[in-house]
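Only one structure is covered here, and it is reproduced in the block below.
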Amino acid sequence: MFNKATAAALFVSFLALIILSLEVAFSSDTPKQDEHTTSLAPFERVQQISIGQKLIQIQNSSYRSPNSATEEHKKLIEKATQDKSWQIKAYSHLTLYTMALYRDDKIEANKQRMLMLEYVPEQDKANFEMALLLEQAIKLARMSENEKGIQIIAKAIALGEKHGADMQLLRAYNTAGVLHNSANQLNQSQWYFYQGIELGKRYPGNPYSSKLYNNMAQLYVHLEQWQSAINHMNIALDLYLTSDKIDSITMQTILLNLSYSYQMKGDKPKAKDAYQRSQKYVSGEIGEYPYLLEYKARARILWLESRNEDALEAVNKCLSHPKADFYAKQKGQCLLVRANIEAEQGKYVQSLATIKESLNMFDQVKHSRMLLKTYLLQAENFEKLGRLDEALEVYKQFYQREKEQLSVQVYALEHSFELREVEQERDLLDVQNQLNALQLERGQLRLKIATIWILLVLFALGFALHRAFAVKSRNLQLEHLSNVDPLTGLNNRRYYHQELKQARQIDLKAYYRLVLIDIDYFKSINDTYGHDVGDQVLVETAARISEELQPEELFVRWGGEEFLCLIKDNDELRDRIKGLLLIVNQMPYETDNGEIKVTVSIGVGDSCSPDELRHNTDYFAETDHRLYEAKRQGRNRSVFG
């Protein structure tokens, strides 16, 4: 017999079972996103108040005219009767710090820094310390002092990432990208711009999203991929026009960059149109930096229209500005425009003198890409004057060396974009697997509950079993399809990245050499014999090389005619690499079109662990460069470090 206590216990258990069943039935399959928090309350407070917004405007104008900005700040503080909270007081001193920075008044800058920190509570000091570092780095970027700027912005980013200072991180990533770009470190520059663009997606309407796209476009400019650069600049314009704040200097800069890209693409009407649109954003009291940008762009447009005298007048206005030497990169570019015009007019001696000045400017800021263009023009002028020995010397000493250096960076940059896409695909697959695992777990929980209700919900039990097995089967099928190349039967890139993390096949404690193998003249094989024969060559190459690999080593098809191996590093390595070359080139391939002689080029990386490969893309970039070097040296060979 049931007493009251037993009945009550059964009732509570029954009620708990019903609640659990309903919770399982109506729970969401979607994983919860981590809520993003930020500690930017002090700066948000400044932006929300009228006096704070004016302080931000004055601070942003400091670099154009620090003395005028100081006067504006003084008048604003004297008249202000609004909220003077600690945030406003601290930001006021931050603004004065920025002005002193651009006046090169170190004593005043240090004084304002100390006064600012007096108002800031301990828990918010990291944000304001980051703001101080940011202003220093931005100034150094404008002065093209890249090495100092890179050191300072790294400290600012470390602070921002530690304390979740997202709004300032957007500025910091953008500044870091600009500094690395100016230092000709394209791969690092692209990484910071990418980080900023991804972070900016959380904050629609923030103007720095536009600036990041515009600066990312500059990387495509260096690759001379003009349409890609134009596409990114148009995205930047669209984002900026819908952002919270629009300033004329940013709009002017984007449109002038767009004009230059159209000019280099050969689209004169659109180049001129973009330049004319930029004139809308040129104010009466134009600042020093925008002044130089304006006259440099005007000279290029006039030169494009063959109005050389007018173009020279615009260039001379750029060069005669009192602060032109302060912005060495811009002055160097204006000098290069003048040298080109003089060369076009046949004034080669005069052009050479201008080139010498331009080289001096670019050498100051260590701008190797602009040095390359300037040296090339110098060599062409020597040729025009018949001074062939001097022209040849310029080509030998500078052009080839700089061209190779640039090609390596460009190649690494292109590959970095490709790797970024692979990582995104991998992350999407991880999310899908997480969702599938969650669905499977939910099905199993339903199965347990259904066991209790078996006499009442027999049909529900059968359905839950069917669904659980279906999901599991689908997961296995998806995993196989996503990890195997259907043509060669080898594993693919995605499997390689998973293997570095999970090590189902390789030994995480062992040291390996990353080996990249590329079939020589594969495009020619496809063009001559057809893609079916090309596929047969890929399959046979995969089969021959597979025979040479040992346990705990990895062989995947990386893409196209390229394969990747992880081979254990030991004394037999060089003989084994030689064996890979021989197994391919010693015996012709039997195909539907008869025998074909096939060779491969091989790049061999430095010794490293799988964990180092996973976290440091430099190993891959260096191996890729060695493969490129094997191709350059004549193919059918291997290149070690």
For this session: Could you tell me whether a side-chain N or O of Ser189 sits under 3.5 Å from a main-chain N or O of Gly177, the two making a donor and an acceptor?
Result: yes

Exercise. Can a donor-acceptor pair be found between the side chains of Gln151 and Glu147 at a distance below 3.5 Å?
Worked result: no

Exercise. Among Tyr192, Phe193, Tyr173, whose ring-ring contact (aromatic ring centres under 6.0 Å, His included) with His180 holds?
Worked result: Tyr192

Seminar exercise, completed: Scanning both residues in full, the closest heavy-atom pair of Ala183 with Ile150 reads CB-CD1, 4.1 Å

Problem set entry | Spacing of NE2 belonging to His232 relative to CG belonging to Leu237, to within rounding of 0.5 Å | 13.0 Å

For this session: Could you pull out the closest heavy-atom pair between Met130 and Leu159, with the gap in Å?
Result: N-CD1, 3.9 Å

Exercise. With distance as the sole test, does Arg637 use its side chain to make a donor-acceptor pair with the main-chain N or O of Arg635 at under 3.5 Å?
Worked result: yes

For this session: May I ask you to test the Met233-Val221 pair for a side-chain heavy-atom distance under 4.5 Å?
Result: yes

Seminar exercise, completed: Distance col, row Glu342:CD vs Tyr348:OH, nearest 0.5 angstrom, shows 12.0 Å

Problem set entry | Under 3.5 Å: donor-acceptor pair, side chain of Arg626, backbone of Val604 | yes

For this session: Say whether, by atom type as modelled, one donor and one acceptor occur between the side chain of Lys268 and the main chain of Gln263 under 3.5 angstrom.
Result: no

Exercise. What heavy-atom pair brings Leu101 and Ala109 nearest, and what distance separates the two atoms?
Worked result: N-CB, 4.5 Å

Exercise. Using the ring of each side chain (for Trp, its six-membered ring), is Trp226 parallel, tilted or perpendicular to Tyr260, with breaks at 30° and 60°?
Worked result: perpendicular

For this session: Check for a donor-acceptor pair, side chain of Thr175 on one end and backbone N or O of Arg171 on the other, with a separation under 3.5 Å.
Result: yes

Problem set entry | Residue pair Tyr97 / Gln136, side-chain donor-acceptor N/O under 3.5 Å | yes

For this session: In plain terms, say whether Glu357 and Arg338 are close enough for a salt bridge, that is, a side-chain N and a carboxylate O under 4.0 Å apart.
Result: yes

Exercise. Out of Lys211, Gln218, Met216, which residue meets the side chain to side chain contact (heavy atoms under 4.5 Å, CB included) rule with Asn214?
Worked result: Gln218

Problem set entry | Side-chain donor-acceptor pair present, Arg142, Tyr102, cut-off under 3.5 Å | yes

Exercise. Under the 3.5 angstrom rule, does the side chain of Ser182 hit a backbone N or O of Val178 as a donor-acceptor pair?
Worked result: yes

For this session: Verify, without hydrogens or angle tests, whether Ser358 (side chain) and Ile355 (backbone) share a donor-acceptor contact under 3.5 angstrom.
Result: no

Problem set entry | Closest non-hydrogen atom pair, Leu94 against Ala131 | CD2-CB, 3.9 Å

Problem set entry | Over all atoms of both residues, closest heavy-atom pair of Ser261 and Ala229 | OG-CB, 4.1 Å

Exercise. Do Val600 and Asn636 come close enough that some side-chain heavy atom pair is under 4.5 Å?
Worked result: no

Problem set entry | Presence of salt bridge, Arg493 and Glu562, under 4.0 angstrom | no

For this session: Go through the steps for Glu294 and Arg298 under the test salt bridge (Lys or Arg N to Asp or Glu O under 4.0 Å), then give the verdict.
Result: CA-CA 6 Å; Glu294 159 64 18; Arg298 183 181 300 182; 2.8 Å; yes

Exercise. Looking at Asn234, Ile254, Ile197, which hits side chain to side chain contact (heavy atoms under 4.5 Å, CB included) with Tyr213?
Worked result: Ile197

Exercise. Out of curiosity, Leu132 CG to Gln112 CD, how far, rounded to the nearest 0.5 Å?
Worked result: 11.0 Å

For this session: Can you measure from CD1 (Ile602) to CG (Asp520) and round to the nearest 0.5 angstrom?
Result: 9.5 Å

Exercise. Are any non-hydrogen side-chain atoms of Asp618 and Glu622 less than 4.5 angstrom apart?
Worked result: no

For this session: Give a yes or no on whether the backbone of Met370 and the side-chain of Thr374 come within a donor-acceptor separation of less than 3.5 Å.
Result: yes

Problem set entry | Close side-chain approach of Asn215 and Asn174, heavy atoms under 4.5 Å | yes

Exercise. Less than 4.5 Å apart, any side-chain heavy atom of Glu309 and any of Gln345?
Worked result: yes

For this session: Give a yes or no answer on whether the side chain of Arg513 reaches the backbone of Gly605 with a donor-acceptor pair at less than 3.5 Å.
Result: yes

Exercise. Within a strict 4.5 Å, meaning less than it, do heavy atoms of the Phe620 and Asp624 side chains meet?
Worked result: yes

Exercise. If only atom types and distance count, is the side chain of Ser320 paired as donor or acceptor with the main-chain N or O of Asn316 below 3.5 Å?
Worked result: yes

For this session: Compare every heavy atom of Ile301 with every heavy atom of Ala271, then report the nearest pair and how far apart it is.
Result: O-CD1, 3.7 Å

Problem set entry | SB check Lys139 Glu145 (cutoff 4.0 Å) | no

